[in-house]
Number of protein chains: 2
Amino acid sequence: MDQKISQKVVERLTLYHSILIEYLEEGIEAISSPQIAARLKIDDSQVRKDFKLLNNAGKCRVGYLVKDLKESIENTLGFSAPKDAFIIGAGNVGLALAKYDNFTNYGLNVLALFDNDPIKVGMEFDNKQIFHISKLPNLAERLNVDIVILTVPRQQAQKVADFAVESGIKYIWNFSPVILRVPSGVNVWNENLIASFLQFAYKNIIGS
Amino acid sequence: MDQKISQKVVERLTLYHSILIEYLEEGIEAISSPQIAARLKIDDSQVRKDFKLLNNAGKCRVGYLVKDLKESIENTLGFSAPKDAFIIGAGNVGLALAKYDNFTNYGLNVLALFDNDPIKVGMEFDNKQIFHISKLPNLAERLNVDIVILTVPRQQAQKVADFAVESGIKYIWNFSPVILRVPSGVNVWNENLIASFLQFAYKNIIGS
DNA sequence: AAAATATTGTGATTATTATCACTATTATTA
DNA sequence: TAATAATAGTGATAATAATCACAATATTTT
Ligand SMILES: NC(=O)c1ccc[n+]([C@@H]2O[C@H](COP(=O)([O-])OP(=O)(O)OC[C@H]3O[C@@H](n4cnc5c(N)ncnc54)[C@H](O)[C@@H]3O)[C@@H](O)[C@H]2O)c1
Ligand SMILES: NC(=O)c1ccc[n+]([C@@H]2O[C@H](COP(=O)([O-])OP(=O)(O)OC[C@H]3O[C@@H](n4cnc5c(N)ncnc54)[C@H](O)[C@@H]3O)[C@@H](O)[C@H]2O)c1
């Protein structure tokens with residue numbers, strides 16, 4: 001599992017991408033590394049080195065072409081490789097994610113939701129149906145889905161993750177504030193909003 | 001602004017905290033650095049060095065006391081320092097965050113929401129009212145609030161952030177996928193779920 | 001046309017972070 | 001009680017990441 005591009009660089013690529021969208025909307029064709037660096041408060045040589053990694057050449061006194069750069073980042077990050085996923089837990093967070101229509105632009109397609117609450121099962125949002133959790137193994141196999149977005153309460157998270165893994169799930173985007181135990185071959189990415197808030201607060205408010 | 005504890009360490013402290021909650025719930029009194037390290041797939045010496053920073057001593061052959069360690073992390077990260085905040089944008093994400101009753105345990109108190117949609121203004125959730133955005137300057141001053149959680153659509157984010165800054169806001173937890181321009185003295189923490197998904201996908205699915 | 005300026009590209013350097021390797025200590029086992 | 005094993009604590013080392021410094025180049029200005 002040798003990554004050509006480090007996670008640190010990938011993180012910055014996503015930031016560059018946000019800025020490039022803005023420039024594109026404003027109709028600006030070229031952008032320079034000092035401009036980007038100033039926005040992100042990083043060193044401009046860093047920006048150039050990152051773009052070099054994508055084999056993206058700039059032009060002296062001009063900068064980089066916004067359109068090319070954006071496409072280059074999108075190719076690298078696999079925007080056009082469709083990634084089908086299920087959401088498990090049709091609660092506040094699960095439904096918010098399901099209703100967000102922008103994920104498909106980034107390669108993420110939510111096909112359906114799963115829940116164990118009989119009231120929720122059967123409901124539909126934007127062509128996305130809520131199924132009973134017991135249907136997960138069958139549908140995961142039939143639709144060839146191996147990615148889930150886990151948005152169940154903390155107390156249920158490990159149990160539900162186990163069930164997902166049994167159902168053939170290989171990638172879990174985990175929104176519960178729990179460190180999941182998964183067998184090797186299964187990958188977890190934690191979206192821990194509480195942890196994120198704590199980091200924010202420490203950096204800016206507490207630890208100064 | 002010299003931080004005694006680096007952001008990297010703070011990030012791990014939040015992870016340790018999740019694990020400690022689990023141990024506490026299971027009634028286990030002590031935990032060792034190799035145990036924690038195994039859960040997080042990091043080096044055990046790293047764990048010990050982090051705990052040393054908090055002046056938390058362990059005991060040979062036993063480990064660290066779960067209760068002490070948890071309190072120590074909570075003190076360091078300022079759990080008991082109450083931080084009042086407003087949510088701007090009572091949409092899918094804003095409401096999900098407003099309904100989450102667990103933030104107060106970590107020091108974050110959401111006092112109210114703001115929106116510009118007349119249908120939403122006046123509604124109430126869990127004692128949290130939705131005010132018209134025009135009320136922000138007044139309420140921020142009266143309630144002495146300088147933290148906002150920004151959950152408006154991408155296109156409005158910069159404009160609304162500008163207004164928040166004019167209203168005296170100093171800390172912005174930004175959920176919109178936009179790099180905000182703010183004057184110095186104002187601090188932004190980005191919670192970019194799209195960017196996070198891209199990192200997840202690159203690490204595990206694309207770039208392998 | 002020449003000078004001034006802004007920018008890329010990149011090797012060298014520095015800073016930060018993580019790991020290794022080992023000693024000291026203490027509980028458990030024989 | 002002695003031997004064994006698990007763990008904390010920590011300096012040395014390695015790996016990773018960010019910054020600096022500057023030559024090369026292209027555009028703009030005079
Ligand atoms: N709401 C937030 O703002 C917020 C913030 C930080 C963290 N989180 C975390 O995100 C997760 C979801 O939060 P939420 O506010 O959406 O919770 P929620 O209670 O609104 O939704 C959870 C959903 O999971 C379903 N569920 C419960 N057990 C299940 C099972 N065994 N199988 C299938 N579905 C099951 C419930 O029926 C419910 O619909 C939680 O782990 C929470 O800690 C939420
Ligand atoms: N929903 C998701 O899962 C998701 C995922 C990733 C990112 N985001 C980002 O989070 C943000 C919120 O997303 P959402 O799905 O909750 O959007 P939403 O449309 O459901 O909610 C946005 C809210 O902001 C309000 N608003 C708009 N302009 C305003 C203004 N000028 N002043 C005050 N309020 C205003 C709207 O009335 C609405 O209630 C967006 O920037 C979105 O890109 C959302």
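A, B, ... follow the sequence lines: proteins, then strands. Residue 1 opens every chain. These values consider heavy atoms only, across backbone and side chains, with no hydrogens, waters or symmetry-generated copies.
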Peer 1: Taking DNA chain D as the partner, which of residues 55-62 of chain A come within under 4.0 angstrom of it by heavy atom?
Peer 2: A/Lys59, A/Cys60, A/Arg61, A/Val62

Peer 1: Taking any atom closer than 4.0 angstrom to a non-hydrogen atom of chain A, what span of DNA chain D does the protein reach, first nucleotide to last?
Peer 2: D/dA17 to D/dT28

Peer 1: Is there any salt bridge (charged side-chain N to carboxylate O under 4.0 Å, His left out) pair reaching into residues 99-108 of chain A, and which pairs are they, with sequence neighbours excluded?
Peer 2: none

Peer 1: Donor-acceptor pairs are to be reported for all side-chain atoms of residues 80-91 of chain A against protein atoms at under 3.5 Å, with residues two or more places apart or in another chain.
Peer 2:
{"unit_1": "A/Lys83", "atom_1": "NZ", "unit_2": "A/Gly78", "atom_2": "O", "d": "2.8"}
{"unit_1": "A/Lys83", "atom_1": "NZ", "unit_2": "A/Ala81", "atom_2": "O", "d": "2.6"}
{"unit_1": "A/Asp84", "atom_1": "OD1", "unit_2": "A/Asn109", "atom_2": "ND2", "d": "3.3"}

Peer 1: Let me have the donor-acceptor pairs involving side chains of residues 57-65 of chain A, under 3.5 Å, with sequence neighbours excluded, atom names and distances please.
Peer 2:
none

Peer 1: Can you work out whether A/Arg48 or B/Tyr64 has the more 5'-proximal nearest nucleotide on DNA chain D?
Peer 2: B/Tyr64

Peer 1: Nearest whole Å is fine: how far is C/dT17 P from B/Leu53 CG?
Peer 2: 11 Å

Peer 1: Between the protein and nucleotides 13-16 of chain C, are there any N/O to N/O pairs under 3.5 Å, and if so, what are the atom names and distances?
Peer 2:
none

Peer 1: How far does CG of A/Asp146 sit from OG of A/Ser167, to the nearest 0.5 angstrom?
Peer 2: 12.0 Å

Peer 1: Hey, what bend do you get for the helix from C/dA1-D/dT30 to C/dA30-D/dT1 if you fit axes on five pairs at each end, rounded to 10°?
Peer 2: 10°

Peer 1: Near DNA chain D, counting only heavy atoms under 4.0 Å, which residues of residues 15-44 of chain A show up?
Peer 2: A/Asp43

Peer 1: Name all residues meeting the salt bridge (Lys or Arg N to Asp or Glu O under 4.0 Å) criterion together with B/Glu71; count only those two or more places apart in sequence or in a different chain, and write none if there are none.
Peer 2: B/Lys67

Peer 1: By side chain to side chain donor-acceptor pair (under 3.5 Å), which residues pair with B/Ser33, not counting sequence neighbours?
Peer 2: B/Arg48

Peer 1: Write out all pairs satisfying ring-ring contact (aromatic ring centres under 6.0 Å, His included) with one or both partners inside residues 24-44 of chain B, taking only residues at least two apart or from two chains.
Peer 2: none

Peer 1: Under the salt bridge (charged side-chain N to carboxylate O under 4.0 Å, His left out) definition, can you give me all pairs with a residue in residues 12-32 of chain A, not counting sequence neighbours?
Peer 2: A/Arg12-A/Asp50, A/Glu22-A/Arg39, A/Glu22-B/Arg181, A/Glu25-B/Arg154

